[in-house]
Amino acid sequence: MQYTAKTNDFFQNVFDVVRLIPKGRVTSYGAIAKYLGTGGSSRMVGWAMNASHHVKPKVPAHRVVNRNGMLTGKAHFETPTKMQELLAKEKIKVKNETVLDFEKLFWDPVIELGL
DNA sequence: GCATTGACGAAGG
DNA sequence: CCCTTCGCCAATG
């Protein structure tokens, strides 16, 4: 799989922001996209995460969920339960594939890191 | 090069 | 919170 110069740069930015997410906090694909200035391309953030598996250092992709706090990407982990396990280790409660207190745990890079 | 797909988002129901 | 429709854009067939 080869990435174009465009996506390669985009991917790196996504990985970088995701690694900055504090332990025990979560964010959304859209928030990351907005922070990177590609607001409408939230799908591309998800695509970037898809490539985060073989990336080093490891990207805490489990801290990235959709706008509803739902673990939509759990199926793409090593095992369908891996994502919830990692979240549980960070004291993040997950119920019915959705992060509880999502609004309280939400970490917006635009707000936390500034524009 | 067109059609389909997708770890999304907003709005309306 | 779930469902549908539409917009979004790179990758893939």
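Keep in mind that this is a model prediction, so the values were computed, not measured. Residue numbering restarts at 1 for every chain, and letters A, B, ... go by the order of the sequence lines. Heavy-atom basis, side chains included; hydrogens, waters and symmetry copies ignored.
Note: CG (A/D101) to P (C/dC1) measures 11 Å, nearest angstrom. Rounded to an integer number of Å, the gap from A/R67 CZ to B/dA7 C1' is 15 Å. A/H76 places its NE2 atom 12 Å from the C1' atom of B/dC8, with the value rounded to the nearest Å. Computed from coordinates, the A/N50 CG to C/dC9 C1' distance equals 15 Å when rounded to whole Å. The distance between atom CZ of A/F15 and atom P of B/dA7, rounded to the nearest whole Å, is 15 Å. Spacing between atom CG of A/N96 and atom P of C/dC1 amounts to 10 Å, rounded to whole angstrom units. A straight line from NZ of A/K74 to P of B/dA7 spans 14 Å, rounded to a whole angstrom. Atom NE2 of A/H54 is separated from atom C1' of B/dA7 by 15 Å (rounded to the nearest Å).
Note: the hydrophobic cluster containing A/V17 does not contain A/F106 (ILVMFWY, side chain heavy atoms under 4.5 Å, direct or indirect links). The same ILVMFWY cluster, assembled from side-chain heavy atoms under 4.5 Å apart, contains both A/I32 and A/M49.
Among the atoms of the strands shown, none is found under 4.0 Å from any heavy atom of A/A48. In this structure, A/H53 reaches the bases: a heavy-atom distance under 4.0 Å links it to at least one base atom across the strands shown. Using a 4.0 Å heavy-atom distance criterion, A/S28 is classed as a sugar-phosphate-only contact. Using a 4.0 Å heavy-atom criterion, one finds that A/N66 contacts the sugar-phosphate atoms exclusively.
Counting only distance, with no hydrogens or angles, the side chain of A/R19 and the backbone of A/V59 share no donor-acceptor pair below 3.5 Å.
No hydrogens or angles were tested; on distance alone, nothing pairs the side chain of A/R43 with the base of C/dC9 as donor and acceptor under 3.5 Å. Between the side chain of A/S42 and the base of B/dC8, at least one donor-acceptor pair of N or O atoms lies under 3.5 Å.
Of the candidates C/dC2, C/dA11, B/dA7, the closest approach to any side-chain atom of A/W47 belongs to C/dA11. Each of C/dC1, C/dA10, B/dA7 was ranked by its minimum atom distance to the side chain of A/Y29; first place goes to B/dA7.
What you find for A/S52 and A/F15 is that their closest heavy atoms are CB-CE2, 3.6 Å.
Here A/E90 does not pair with A/R25 in a salt bridge; the nearest charged N to carboxylate O distance is not below 4.0 Å.
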